[in-house]
Structures are given as C-alpha cells and as structure tokens.
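Each remark here refers to the structure printed beneath this line.
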Amino acid sequence: MSLVRADVPAPSQPAAEKAARPTDRKRKGSWSAYALLLPAGVFYVSFQLFPILVAFALSFFSWDGIDIRQAKFLGLANYVTLVHDGLLWSSVWHNLVVALAVLIIQCAGSFVIAAIIQAGIKGGRFFRLVFFAPVVISSVAVGMLAIFVFSPSQGLVNEALSAIGLGGLRQPWLGSGTWALPAVIATYILQNFGLSVLLFISGLGQVDQDLLEAAELDGASQGRILWQVVFPVIRPVATTVFLLGLVTGFKLFDTVYVMTAGGPFHASDTIVTYLYGVSFGGNDIGYGNAIGVLLFVILLVIALIQLRLTRTGKETE
C-alpha cells in the first residue's frame, strides 16, 4: 500500500529553486566573509605568527645574525643559560617594579583624578586635555624631554630642589644606579597617565546617578557606595587599565633606551632593552630569541588572566 497521497502535487521547479536560494546565498555570504578576512589573515600570518615561529626556532641556535649558514644548533643550551642569567632576571624584576608602580600610582591615581573631573569641577575639559596631551607625543620625544628635566647640571628637578632650599638632595638622576629606574618609571607613568584618566572618566559616566542618589538617601557610606555601586560598573574599565599598563610595562623599551639605554650598569634594564643589547650589541641572535620567547610566555599569561577576569566579570553581571 502506497503512503504517498495522490492528491498532493509534487513541488514545481520554480518552488524548488526558491527553496534552494537561501542556501546559495548563505554560501556566497560565507565566501564574501572569507574574502574580506583574507588581507587581514595574510597580514597576521606574515607579520605576527610567522615571526613568532621563526623566533622560537632560532632560540635553539647560536647565530650572529649575519650568515644563517653559520648558525649552530645548540638544543636547549640557550634556555639553560637563560635560567642562570642574573642580569636577565634583574631586568624581569625591573619590569615587575614598573608593573607595581602602574598598579599603585597610575591606576589608583588616575581613578582619583577621573572622579574629581567627573564630579564637575570647573575647567574639566581643560584638565582632560592637559592629562591626555603627553599620550599623543612620541615616547622618543618624551624621553628626550625627560633627559633635560633630570639633567644633573641644569635640570628642572635639581633646579627646583635648589629653589626651595633642598639643594642637598640634588642627584645625577639618570646616572645613578639608585634613581635611574624611578626616573624612567615616573616618565613612563606621566606619559600614559592621561589615557587611564580618560578610560576611568568613560567608565564613571556609565554609573547610574539614580542609584547613587538612592544609596545616599538610604544612608550608605561613601566607601560602601564606591564598593557596591561604582566599582561593579567600572570593573571592566579598571581591569583594562591595569592589564594594559601591565602589558605595555613589560614591553617597555623606547623610553628606557632613550633616557638611560638600560644603564648605568644595567640598573634600569628591562626585558626588551636587555634582549636588544644581547641580540644586537652582543651579536647573539639565538639567545636574544630565547629571551623573546620568555617575554612571549609572560605576555601570554597576562592575556589569559585578562580573559579570565573578563569572563568572571560577565558571569557576575
């Protein structure tokens, strides 16, 4: 017995073509998307992924950077040297000091300044411009200006100390093993401080004023309002500010190189300046790439922490 009803007509040819059109359009849309992604994909593979793979491969060789045919395979020898390299770990410690300064001074300080500006003080737009101006200036120009500011003979810092009767505190700031790194950190933070201020201003602008007024009417303290009303809203911004400062702090190079070149006697070296000195000053490209792999791992860990914090923030919302 046939289960097909005789009175149901078969779909016409135009109807069948019409039903197939969405699939064809979807396929064409996919190819269009791939075509649009192709230039960016080629750029990423050529200038991001491929150099990372080459750097990882070269980290197993001894090479002076001139004739690749003279490269000598060393296996894990560069990584063994890396583990026992005191100057390298001193540079890593300097980067951690930069990160701590970013956390305490840049993040906390920029939040306070942003809160004051967002509160509606007179001249708020002017202060936004003042704080953001160093961000758009190149790090090389800022570093050259900082050299003049910290000059031991006619620098603004020493002259200001003498003017207020503290001439005994004059220092050769950039030539001192004690003060070179703090001077570099101060310059770095002052240049990037304005960006953090603007990010916090944008975050504070998203806080519902009705909630703040309701919390004040309920008698909540300012600390409780900050922790339970303001902070949950600006948490993504605060995370971004901290991790952005952390990443750029570990990649810090141009400001250090212009101001001190890592000196005196590696007192202000960072991972990248030490990598540069080993690779191009010591002509040891293989070991320099091993240091680069270490930096890549550090930045990868920071990126994973950022993803974790971002995901946790979305779940709590």
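No continuous path of ILVMFWY side-chain contacts below 4.5 Å connects Leu37 to Leu49, so the two sit in separate hydrophobic clusters. By the rule that hydrophobic residues join a cluster once side-chain heavy atoms approach within less than 4.5 Å of another member, Leu190 and Val130 end up as members of separate clusters.
Within 6.0 Å of the CZ atom in Phe73, the count of heavy atoms belonging to other residues, nucleotides or ligands exceeds 12. Within a 6.0 Å radius of CZ in Phe60, more than 12 heavy atoms belonging to other residues, nucleotides or ligands are found. The environment of CZ in Phe253 is crowded: more than 12 heavy-atom neighbours from other residues, nucleotides or ligands sit within 6.0 Å.
With contacts defined as side-chain heavy-atom distances shorter than 4.5 Å, the pair Ile121/Phe127 qualifies. Between Val237 and Val241, some side-chain heavy-atom pair lies under the 4.5 Å cut-off. A heavy-atom distance below 4.5 Å is found between the side chains of Ile201 and Arg128. For the pair Val247 and Leu299, the minimum side-chain heavy-atom distance is below 4.5 Å. At a threshold of 4.5 Å between non-hydrogen side-chain atoms, the residues Phe193 and Ile113 count as touching. Residues Val92 and Leu87 fail the side-chain proximity criterion, which asks for heavy atoms closer than 4.5 Å. Counting heavy atoms from C-beta on, the side chains of Ile298 and Ile271 come closer than 4.5 Å. At a threshold of 4.5 Å between non-hydrogen side-chain atoms, the residues Val293 and Tyr79 count as touching.
For the residue pair Tyr287 and Thr81, no side-chain donor N or O sits within less than 3.5 Å of a side-chain acceptor on the partner.
For Arg125, there are no salt bridge (charged side-chain N to carboxylate O under 4.0 Å, His left out) partners two or more places apart in sequence or in a different chain. Shown here are the salt bridge (charged side-chain N to carboxylate O under 4.0 Å, His left out) partners of Asp210, two or more places apart in sequence or in another chain: there are none.
At distances below 3.5 Å, at least one donor-acceptor pair connects side-chain atoms of His84 with backbone N or O atoms of Val80. Looking at Ser59, its side chain does come within 3.5 Å of a backbone N or O of Phe56 through a donor-acceptor pair. With hydrogens and angles ignored, the 3.5 Å screen pairs a side-chain donor or acceptor of Asn78 with a backbone N or O of Phe61. A donor-acceptor pair is defined here as one N or O able to donate and one able to accept, closer than 3.5 Å; no such pair exists between the side chain of Thr273 and the backbone of Asp269. Here the side chain of Thr248 pairs a donor or acceptor atom with the backbone of Gly245 at under 3.5 angstrom. Here the side chain of Asn158 pairs a donor or acceptor atom with the backbone of Gln171 at under 3.5 angstrom. Side-chain atoms of Gln191 never come within 3.5 Å of backbone atoms of Val136 as a donor-acceptor pair (strictly under, hydrogens ignored).
Between Leu246 and Ala99, the shortest heavy-atom distance links the atoms CD1-CB, 3.0 Å. The nearest pair of heavy atoms linking Val258 to Val140 is CG1-O, 4.0 Å. Taking all atoms of both residues into account, the shortest heavy-atom contact from Thr187 to Ala146 is OG1-CB, 3.6 Å. Thr260 and Ser268 get closest at one heavy-atom pair: OG1-OG, 2.6 Å. Closest approach of Thr270 to Leu252, counting heavy atoms only: OG1-O, 2.9 Å.
Applying the salt bridge (charged side-chain N to carboxylate O under 4.0 Å, His left out) definition to pairs two or more places apart or across chains, those involving residues 67-81 are Asp67-Arg69. For the salt bridge (charged side-chain N to carboxylate O under 4.0 Å, His left out) condition, the pairs that include at least one residue of residues 138-167, sequence neighbours left out, are Glu159-Arg170. For residues 274-283, every residue pair satisfying the side chain to side chain donor-acceptor pair (under 3.5 Å) rule, not counting sequence neighbours, is listed here: Asp85-Tyr274.
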List the atom pairs, donor and acceptor, that lie under 3.5 Å between side-chain atoms in residues 148-157 and the rest of the protein, sequence neighbours left out.
residue	atom	partner	partner atom	Å
Ser151	OG	Ser153	OG	3.4

